[in-house]
Amino acid sequence: MGPVLAGVLQLLALIGALALVYVPVGNYMARVYSSDKHLRVEKWTYKAIGANPDAEMTWPAYLRGILAFSAVSVLFLYLLQRLQGILPGSLGFDSVNPAQSFNTAVSFVTNTNWQSYYGEQTMGHVVQTAGLAVQNFVSAAVGMAVAVALVRGFARSRTGELGNFWSDLVRGTLRILVPGAAIAAVILVACGAIQNFSGIHEVGRFLGGSQQWNGGAVASQEAIKELGTNGGGYFNANSAHPFENPTPFTNLFEIFLILVIPFSLTRTFGVLVGNVKQGYAILATMFTIWFGFTVLMMWTEFAHHGPALQAAGASMEGKEVRFGIGGSSIFAVSTTLTSTGAVDSFHSSFTGLGGGITMLSMMLGEIAPGGTGSGLYGMLIMAVIAVFIAGLMVGRTPEYLGKKIGAREMKLAAAYILITPALVLVFSAASMALPTPPHSMLNSGAHGFSEVLYAFTSASNNNGSAFAGLNANTDWYNTMTGLAMLFGRFLPMIFVLALAGSLAEQKPVPVTAGTLRTEKPLFTGLLVGAILIITGLTYFPALALGPLAEGLA
């Protein structure tokens, strides 16, 4: 079997598996967030944190809950790293320095999971399991809670209430992420991923040195890392490491875990608003972009543009031979079109155009299908923009799901789509203009600029993957990427929740002959076009200086 055919068959198998679970998983999540009953363990949790799960919240109260919970999480994870040297199970590692502790705490709390350190040489068992793994669960649950709050804004009328944050957080964690990750971890262990609390082992000597391996609760963290679209790896090689991702089957299974919740949330959306066709329209938009980018990535990598790659006959440099070009291409697109950030190959080693695709995938806002929750609410914001554009074309007040899109709604949607590009471009420009930050680039010219642009695109979009050519473990990059992650996570949430509150206060608008049918293929095409045009106009100059210049050279 040739490598191209193998890649195509993997892609078809992945699509089939996602289609098989789409309806049951989506319906299950809808029941989770609409149920009025609480499990016993949930009641214990509410009692422990002093929350009333039945109290409805307005959008400012919902936002305060998110910010308070996230602030406490950042502080706890920061202190855990700073105290690592005196904690049991530290494997002899020292405490993490302040700048890196801040960066890592912010990274995992914001669902970014950017890592500027070698995992197997920096973090002990306690920090990995009690700190990083816990945030993999709850940060993903926060994203799903915000998405559900926005959906309630569309579904409800004449009320400013969006549900209860604490209830949504706990249910998303205990009813969706914990059981899903447990099943996935068992499958990964059965396929060869490790799961233990062993120490550091010396496994061989060579050329006067030695090879040392860490053990760890790898399979369980790998499961929630992918299922929650987190991305932070136990080892520096991330999902290219055989302890995390042993076989071609586990590679495809991990891609499935990355995509299953974001795609299935469109079904949840359709069920909660009482019109599953609306969910299918959003799904079609997400799938069109994801499938198109995947095919384009596989073409660029199999074509291996450039004289060195043509002489070698393939663009396998930086890719695992276990997965090949096909598996690596599917993984790269899936991880950058979501907010995962896990890698099974090094994106800096992709062709110039292939590296540009990974960047553009993040620049879209990671909405196809995006992260757990963040992809759905990002796509719904883009749907509001598309409806507004359609309204301008025909001279009619735009409506979406029975709600008028007026000046207030458009201001909030516009602020949402502008904040992340502003962060990416401002931080990248500052890093190139100042004298010291460019010294962190491994390469000069267009590829070096791509390393910096990729870093801040990844941080601001809460992705977490790296181009693997930039030394980001400096005070500048630890601090600036930390700020980019904070602003890129919570500022958009403010606009999303404010929009949800504004929509929930409206009364439904009846459907008329002039209403745009947003469940039809025409709207799907309009939405795809709006996404690509808005992103292209925003980022094209920066892309022209980096991956496009390199790819056309």
Set of ring pair (Phe, Tyr, Trp, His ring centres under 6.0 Å) partners for [X], sequence neighbours left out:
X: His447; value: Phe467
X: Phe235; value: His241, Phe243
X: Tyr416; value: none
X: Phe323; value: none

Heavy-atom check, side chain of [X] versus side chain of [Y], under 4.5 Å:
X: Arg175; Y: Ser35; result: yes
X: Phe154; Y: Leu150; result: yes
X: Ile405; Y: Met410; result: yes
X: Leu516; Y: Glu399; result: no
X: Phe331; Y: Ser345; result: no
X: Ile381; Y: Phe495; result: no
X: Phe540; Y: Leu548; result: yes
X: Leu380; Y: Val151; result: yes

So, taking the atom named [atom1] in [X] and the one named [atom2] in [Y], what distance separates them when rounded to the nearest 0.5 Å?
X: Leu418; Y: Ile534; atom1: CG; atom2: CD1; result: 9.0 Å
X: Thr250; Y: Asn245; atom1: OG1; atom2: CG; result: 4.0 Å
X: Leu11; Y: Leu252; atom1: CG; atom2: CG; result: 9.0 Å
X: Gln10; Y: Leu5; atom1: CD; atom2: CG; result: 10.0 Å
X: Leu527; Y: Met379; atom1: CG; atom2: CE; result: 5.5 Å
X: Ile176; Y: Leu174; atom1: CD1; atom2: CG; result: 10.0 Å

Enumerate the residue pairs fulfilling side-chain hydrogen bond (donor to acceptor under 3.5 Å, both in side chains) with a member in residues 140-157, sequence neighbours excluded, ordered by first and then second residue.
Glu56-Arg156, Arg152-Asp168

If you count the non-hydrogen atoms of other residues, nucleotides and ligands that lie under 6.0 Å from CG in Leu9, is the total more than 12?
yes

Are more than 12 heavy atoms from other residues, nucleotides or ligands located less than 6.0 Å from atom CZ of Phe490?
yes

Quick check: closest heavy atoms across [X] and [Y], and the distance to 0.1 Å?
X: Ala223; Y: Ala184; answer: CB-CB, 3.7 Å
X: Ile419; Y: Pro492; answer: CG2-CG, 3.8 Å
X: Gly228; Y: Ala140; answer: O-CB, 3.6 Å
X: Gly373; Y: Ala147; answer: O-CB, 3.4 Å
X: Ala413; Y: Ile385; answer: CB-CD1, 3.7 Å
X: Thr229; Y: Thr372; answer: OG1-N, 3.1 Å

Can you tell me if [X] uses its side chain to pair, donor with acceptor, with the backbone of [Y] under 3.5 Å?
X: Thr300; Y: Met297; value: yes
X: Glu254; Y: Asn251; value: no
X: Ser460; Y: Phe456; value: yes
X: Tyr454; Y: Thr358; value: no
X: Thr268; Y: Gly26; value: yes
X: Thr110; Y: Ser107; value: yes
X: Thr420; Y: Gly488; value: no
X: Lys403; Y: Leu503; value: yes
X: Asn230; Y: Asn136; value: yes
X: Arg322; Y: Ala240; value: yes

Test side chain to side chain donor-acceptor pair (under 3.5 Å) on Ser334 and Trp290 and set out the steps.
CA-CA 7 Å; Ser334 299; Trp290 173 78; 3.1 Å; yes

Applying side chain to side chain donor-acceptor pair (under 3.5 Å) to Glu301 and Ser329, what does each step give before you reach the verdict?
CA-CA 7 Å; Glu301 293 304 301; Ser329 297; 5.5 Å; no

Run the side-chain contact (heavy atoms from CB on, under 4.5 Å) test against [X] and tell me which residues pass, sequence neighbours left out.
X: Val186; value: none
X: Leu425; value: Tyr539, Ala542
X: Ser374; value: Ser339, Tyr377

Listing, residues 278-288 side-chain donor-acceptor contacts under 3.5 Å, not counting sequence neighbours, or none:
| residue | atom | partner | partner atom | Å |
| --- | --- | --- | --- | --- |
| Gln278 | OE1 | Thr518 | OG1 | 2.9 |
| Gln278 | NE2 | Thr518 | OG1 | 3.0 |
| Tyr280 | OH | Arg267 | NH1 | 3.0 |
| Thr285 | OG1 | Ala281 | O | 3.0 |
| Thr288 | OG1 | Ala284 | O | 2.7 |

So among Val134, Leu132, Leu177, which one has a side-chain contact (heavy atoms from CB on, under 4.5 Å) with Ile224?
Leu177

What residues form a salt bridge (Lys or Arg N to Asp or Glu O under 4.0 Å) with Arg408, not counting sequence neighbours?
none

Can [X] and [Y] be counted as having a side-chain donor-acceptor contact under 3.5 angstrom?
X: Tyr22; Y: Thr266; result: yes
X: Asn238; Y: Asp344; result: no
X: Asn113; Y: Asn462; result: no
X: Glu226; Y: Ser239; result: yes

With sequence neighbours left out, the residues meeting side-chain hydrogen bond (donor to acceptor under 3.5 Å, both in side chains) with Glu244 are Lys225

Side chains of residues 359-370: which donor-acceptor pairs under 3.5 Å do they make with residues two or more places apart or in other chains?
| residue | atom | partner | partner atom | Å |
| --- | --- | --- | --- | --- |
| Ser361 | OG | Ile357 | O | 2.7 |
| Glu366 | OE2 | Asn463 | ND2 | 2.4 |

Does the separation of the ring centres of Tyr400 and Phe388 fall below 6.0 angstrom?
no

